[in-house]
S.K.: 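This is the structure, below, for whatever I ask next.
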Amino acid sequence: MPVITEIEDLRKIYERRVPRMFYDYAETGSWSEQTFRDNSSDFDLIRLRQRVAVDMTNRSTASRMIGQDVAMPVALAPVGLTGMQCADGEIKAARAAEKFGVPFTLSTLSICSIEDVAEHTTKPFWFQVYTLKDDDFMRRLFDRARDAGCSAMVITLDLQVQGQRHKDLKNGLSAPPKLTVKSVANMMTKVQWGLGMLGTKRRFFGNVVGHAKGVTDPASLSSWTAEAFDHALDWDRVRELIRMWGGKVILKGILDAEDAKMAADAGADAIVVSNHGGRQLDGALSSIRMLPPIMDAVGDKIEVHLDSGIRSGQDVLKALALGAKGTMIGRAFVYGLGAMGEAGVTRALEVIHKELDTTMALCGERNVADLGRHNLLVPEDFTGRWA
Ligand code: GLV
């Protein structure tokens, strides 16, 4: 077992073990990838205030997200194709999350279906939907998520059209992967991954194939995704979807204070400040830079979470200290999954937890709920002067 001390260790193993096509799918941003890079590097601009001689006993990272107890305020984000990073990937990640005591979010574009994940886990998970044109299919997805006991609906608002990711187009990304000379040559070097895939029947988009009209075989799926997303989405439709679900709703993909106000007015339970991990609008500001103005606008009205760029427990701490009640990690857990399956996701969570806990102690705090602006040194012009 290699010694894993940081998320980057998992990324390196992941890169070796998973076919290039799926590594590239996760490890990409759109176009120039500027926003993808800024998401992480902007965390480094924020520094921490060291405090000493403060009682550090009985520290706790336990908290609550949308009223749910969590071992630390870090949920697993919805990530498409997770079951292609490792056989049965969504089930493995969901199990690791429930054992650790953090929420798992299943993507609509998962390989394992809602029912399959529910059958192989014991606690409710969150389900994510894109806004789709096909109202019947959306209603059925909501019903299926309800029947599976999902405790929150995460509605993605920043993917009505897809940001272009050069690598996916060049790799001909699909699930299951297209067999070309290049992809087969690459897959043959990923023995562990290949054996896992040969041993599972879960190789298609489990929530979609056989459920969405006109999608009976995987070959027609890429055209379905291109055509299915609702270009006409507006706030009336968002309110309708919130009513349609009738339970807890998290609106994901908010990066602007005006949109945050609209989301709070629409009656959601939480928002996720997010630019989709830099995969949508390249050139947008990083999530962590946009957090302070969004907190100013709606911090007292709605619970605010943040994703995009988190690779350590220190990043989590910085988001919490700037006011977020919770965070989401995507790539950080996918690296673990691709590297070592369920044990790798657990390791990713352990690494982040340890970094969060130790940093909290060195900042003189014993409880995540007490973290605040007083723990940080933030450049005066952090959000920037943008005209
Ligand atoms: C899907 O949401 C993606 O970013 O690929």
Side-chain angles (χ1 to χ4, degrees), residues 14 18-37 39-40 75-85 89-90 93 104-112 114 126-133 137-138 141 153-177 204-209 212 218 221-231 233 250-255 272-284 286-287 305-310 328-335 337-338:
Y14 164 58
V18 173
R20 196 72 207 179
M21 179 186 294
F22 300 116
Y23 173 82
D24 280 350
Y25 170 70
E27 199 58 9
T28 196
S30 52
W31 290 298
S32 74
E33 302 190 330
Q34 178 186 48
T35 301
F36 169 57
R37 289 188 299 275
N39 277 337
S40 293
L76 301 199
V79 179
L81 279 83
T82 294
M84 280 289 132
Q85 304 290 359
E90 290 88 2
F104 169 76
T105 318
L106 185 71
S107 163
T108 294
L109 288 181
S110 58
I111 303 298
C112 305
I114 311 175
W126 297 351
F127 187 64
Q128 172 269 346
V129 283
Y130 303 98
T131 46
L132 306 170
K133 281 183 209 156
F137 180 59
M138 286 225 61
L141 272 180
M153 186 58 67
V154 177
I155 305 178
T156 297
L157 295 182
D158 59 358
L159 205 146
Q160 281 167 273
V161 293
Q162 207 190 26
Q164 178 170 308
R165 301 141 195 188
H166 300 313
K167 291 174 209 156
D168 291 352
L169 292 172
K170 288 177 174 129
N171 290 333
L173 176 78
S174 66
F204 306 103
F205 290 97
N207 293 325
V208 180
V209 175
L221 194 69
S222 54
S223 52
W224 179 78
T225 38
E227 286 161 19
F229 291 82
D230 182 8
H231 295 190
L233 171 71
I250 301 172
L251 295 179
K252 179 170 173 290
I254 303 291
L255 202 68
V272 188
V273 176
S274 169
N275 51 40
H276 215 99
R279 302 162 72 79
Q280 284 297 97
L281 180 63
D282 187 40
S286 64
S287 291
H305 302 169
L306 175 136
D307 78 13
S308 302
I310 294 179
M328 281 188 159
I329 53 167
R331 295 183 180 93
F333 92 80
V334 168
Y335 300 161
L337 181 72

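When a ligand or atom number is given, it counts from 1 through the structure's own listing order. Bear in mind that the values here come from a model prediction, so they are computed numbers and not experimental data.
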S.K.: Between Y25 and Q85, does any side-chain donor sit less than 3.5 Å from a side-chain acceptor?
M.R.: no
S.K.: Of all the non-hydrogen atoms in the protein, which one sits nearest to atom 4 (O) of ligand 1, and at what distance?
M.R.: R279 NE, 2.7 Å
S.K.: Mind checking whether L159 contacts ligand 1 via backbone (N, CA, C, O), side chain (CB onward), both or neither, at a 4.0 Å heavy-atom cut-off?
M.R.: side chain
S.K.: Return the residue, atom name and 0.1 Å-rounded distance of the protein heavy atom closest to atom 1 (C) of ligand 1.
M.R.: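 Looking only at protein heavy atoms, the one closest to atom 1 (C) of ligand 1 is Y130 OH, 3.3 Å.
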S.K.: Give the atom numbers and elements of ligand 1 that come within less than 4.0 Å of a heavy atom of Y25.
M.R.: 1 (C), 3 (C), 5 (O)
S.K.: If we set the cut-off at 4.0 Å for heavy atoms, which region of Q280 has an atom near ligand 1: side chain, backbone, both, or neither?
M.R.: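 Near ligand 1, Q280 shows nothing, with every heavy atom at 4.0 Å or more.
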S.K.: Should R165 be listed as contacting ligand 1, given a heavy-atom distance under 4.0 Å as the test?
M.R.: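 Contact present.
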S.K.: Using distance alone, with no hydrogens and no angle criterion, decide if T28 and E33 have a side-chain donor and acceptor under 3.5 Å apart.
M.R.: yes
S.K.: Consider every N or O of Q162 and every N or O of ligand 1, then say whether any pair is closer than 3.5 Å.
M.R.: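 N/O-N/O distance under 3.5 Å: no.
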S.K.: Could you check whether N207 and S110, counting side-chain N and O atoms only, form a donor-acceptor pair closer than 3.5 Å?
M.R.: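 Short answer, yes.
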S.K.: Using every non-hydrogen atom in the two residues, find where F127 and L106 come nearest and quote the distance to one decimal.
M.R.: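 So the minimum-distance heavy-atom pair works out to CD1-O, 3.4 Å.
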S.K.: Ignoring hydrogens and geometry, is there a side-chain-to-backbone donor-acceptor pair from K252 to S274 under 3.5 Å?
M.R.: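 Judged by distance alone, no pair lies under 3.5 Å.
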S.K.: Check the pair N275, F36 against side chain to side chain contact (heavy atoms under 4.5 Å, CB included), reporting the backbone distance first and the verdict last.
M.R.: CA-CA 9 Å; N275 51 40; F36 169 57; over 6 Å; no
